[in-house]
**Student:** 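Structure in structure tokens, see below.
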Amino acid sequence: MSLNFGRTILAIPGPSVIPDRVLNAMHRASPNIYEGELIDLTASLYPDLKTVAQTKHHAAIYIGNGHAAWEAALENTLNAGDETLVLSTGRFAAGWGEMARRIGIETQIMDFGMQGQIDPNKLEATLRADKDHKLKAIICVQTDTASSVKNDVAALRKAIDQSGHEALFMVDCIASLGCDRFEMDAWGVDVMVAGCQKGLMTPAGVSFVYFNDKAAEARKTASPSLYWDWYPRANPEAFYQQFAGTAPTHHLYGLREALDILVHEEGIENAWARHETMAHAVWAALDVWAQGGVLSHNIEDVAQRTTAVSAINTTGAESTALRKWCEANTGVTLGISLGFAEPSETEWNKHFRIGHMGHLNIHMIMGTLGAMDTALKALNIPHGENALTAAAKLLAQRA
Ligand SMILES: *Cc1c(COP(=O)(O)O)cnc(C)c1O
């Protein structure tokens, strides 16, 4: 007998669950791309995108995924031969650095491993040692989706300021925007990249580069290609030029609906608070399961965890078994291992992730945890009992 009937949930760290309202907003005839409603709708996105990132500066929209935003940010600020410092805490800053290297930018990588934050003191020391200010940019992520660490962006800014260095501070918020608190202007971030398919609840295909005036100055000597140039995208005069071609018509409708939900109905502060509560429910369950001695948090320190995703380790291949059992039997898809000593299969099977970003309520989070609890029992994986009670108590207290 199969019990796997009904609606599935994609509980991976992006793409996230898409609200029906967003899907429905996209279900329409092709709009006129030269005048009328779509032009006004697109203009209305910018103020809300800036609210989500807590910035008064500039935002550019690209047709493409997060990797496109990575490339756009590099193209607009750096030239081949420029030196950059990449602060790695998992997989994604290194991935951004690799993209830089492939377009001729020099990358110096500081690796902080898979289980903790960037150390601001080490950053400050490295910047102080760069007496001639050869480093043109510092590249990092707020939330690394592979390790589930959240870096302290404000502390990194402080370290940069204390060193007196003027490199551009570039932060990837692809996993964290709309989930973890982020304040671009208050935290002194010069360039920030994000995508639409995680905290912003829209089907993958649109991404964003935010930049301040200092970064806008850097563009003048970076000579970006016609396609990647952020200027016409951030200072729209003609709609066709704004996207260097046809606009992502239906994505714009979807994004409008998603921003209505996030900015105008829930509010960004509430969204951050909701993510924190949902994450704590997941962690409360994992604290109990961990008593069985097999499952454990990848990031031990609660203060260093992102509220968007949790990376979980197992002593053996239980991670893969649990993930596969859940997908086959429960309708819940959990996230694969990423960045942990690949390509060793033995190591790969020891990690998995739960995405808890975006459009998420209590029944969805409890459903995912309930599916996992069932899988642990079906597979006879040792685990502490009453994990769901712990999660429910936490939610009841905070709701
Ligand atoms: C998902 C993600 C990316 C890559 O985004 P794509 O849309 O898959 O290109 C980059 N950085 C972080 C932190 C991510 O979570």
Side-chain angles (χ1 to χ4, degrees), residues 10-18 52-53 60-75 86-103 107 109 111-112 114 117-118 137-153 156 169-182 184 189 191-210 228 248 251 254-255 258 275 279 298-299 304-311 333-340 351-358:
L10 188 62
I12 71 173
S16 62
V17 172
I18 302 162
V52 172
I61 307 177
Y62 290 88
I63 304 175
N65 58 18
H67 281 66
W70 276 354
E71 184 159 344
L74 299 169
E75 272 279 327
V86 177
L87 308 171
S88 178
T89 48
R91 166 115 173 206
F92 288 93
W96 196 2
E98 175 62 14
M99 180 171 265
R101 205 184 57 73
R102 288 282 293 270
I103 56 173
T107 54
I109 297 179
D111 190 355
F112 295 91
M114 288 294 290
Q117 289 174 327
I118 298 162
I138 298 155
I139 288 173
C140 66
V141 299
Q142 180 183 24
T143 284
D144 193 293
T145 326
S147 64
S148 74
V149 78
K150 179 177 69 186
N151 286 304
D152 185 341
V153 174
L156 299 178
F169 184 30
M170 317 223 304
V171 182
D172 167 340
C173 291
I174 296 173
S176 51
L177 194 69
C179 308
D180 290 312
R181 173 177 290 277
F182 178 78
M184 177 161 172
V189 173
V191 177
M192 186 272 273
V193 297
C196 70
Q197 80 273 26
K198 299 191 185 182
L200 299 194
M201 308 176 287
T202 304
V206 170
S207 56
F208 316 99
V209 181
Y210 293 80
W228 291 124
H251 271 81
L255 186 61
H275 278 85
N298 184 55
I299 303 297
Q304 297 193 24
R305 291 181 198 155
T306 171
T307 65
V309 45
S310 295
T333 300
L334 298 166
I336 58 165
S337 164
L338 208 59
F340 293 92
H351 312 275
F352 71 104
R353 295 169 300 152
I354 309 174
H356 33 88
M357 49 177 56

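Along the sequence shown, the residues carry numbers beginning at 1. Start at 1 and go down the list; that is how both ligands and their atoms are numbered.
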**Student:** Do the non-hydrogen side-chain atoms of Ile139 and Trp70 ever get within less than 4.5 Å of each other?
**Tutor:** no
**Student:** Checking a contact table here: which protein heavy atom is nearest atom 1 (C) of ligand 1, and how many Å away?
**Tutor:** Lys198 NZ, 1.5 Å
**Student:** Among all protein heavy atoms, pick the one closest to atom 15 (O) of ligand 1 and tell me residue, atom and distance.
**Tutor:** Thr145 OG1, 2.3 Å
**Student:** Hey, does the side chain of Asn151 reach the backbone of Val141 with a donor-acceptor pair shorter than 3.5 angstrom?
**Tutor:** yes
**Student:** Could you check Ser176 against Lys150 for side chain to side chain contact (heavy atoms under 4.5 Å, CB included), going step by step and ending with a plain yes or no?
**Tutor:** CA-CA 9 Å; Ser176 51; Lys150 179 177 69 186; over 6 Å; no
**Student:** Under 4.0 Å from a heavy atom of Ala175: give me the atoms of ligand 1 that qualify, with their elements.
**Tutor:** 15 (O)
**Student:** Show which atoms of ligand 1 fall inside a sub-4.0 Å distance from at least one heavy-atom site of Gln197.
**Tutor:** 6 (P), 7 (O)
**Student:** Taking 4.0 angstrom as the limit and counting only heavy atoms of Thr143, give me the atoms of ligand 1 inside it, by number and element.
**Tutor:** 13 (C)
**Student:** Working to the nearest 0.5 angstrom, can you tell me the gap between Phe340 CZ and Arg91 CZ?
**Tutor:** 11.0 Å
**Student:** Between ligand 1 and His67, is the shortest N or O to N or O distance under 3.5 Å?
**Tutor:** yes
**Student:** Pull out every atom of ligand 1 sitting under 4.0 Å from any heavy atom of Trp70, numbered as shown with elements.
**Tutor:** 10 (C), 11 (N)
**Student:** What protein heavy atom lies closest to atom 5 (O) of ligand 1? Include the residue and the distance to one decimal.
**Tutor:** Gly66 CA, 3.6 Å
**Student:** Give yes if a backbone or side-chain nitrogen or oxygen of Asp144 is under 3.5 Å from a nitrogen or oxygen of ligand 1, and no if not.
**Tutor:** no
**Student:** Any side-chain donor paired with an acceptor under 3.5 Å for His251 and Thr202?
**Tutor:** no
**Student:** Tell me which part of Trp96 gets within contact of ligand 1: side chain, backbone, both or neither, using heavy atoms under 4.0 Å.
**Tutor:** neither
**Student:** Would you name the heavy atoms of Gly335 and Pro13 that are closest together and state the gap between them?
**Tutor:** CA-CD, 4.2 Å
**Student:** What heavy-atom pair brings Met114 and Asn298 nearest, and what distance separates the two atoms?
**Tutor:** O-ND2, 2.9 Å
**Student:** Considering both backbone and side-chain atoms of Asp172, is one of its nitrogen or oxygen atoms within less than 3.5 Å of a nitrogen or oxygen in ligand 1?
**Tutor:** yes
**Student:** In terms of the angle between their ring planes, are Trp228 and Tyr62 parallel, tilted or perpendicular, with boundaries placed at 30° and 60°?
**Tutor:** tilted
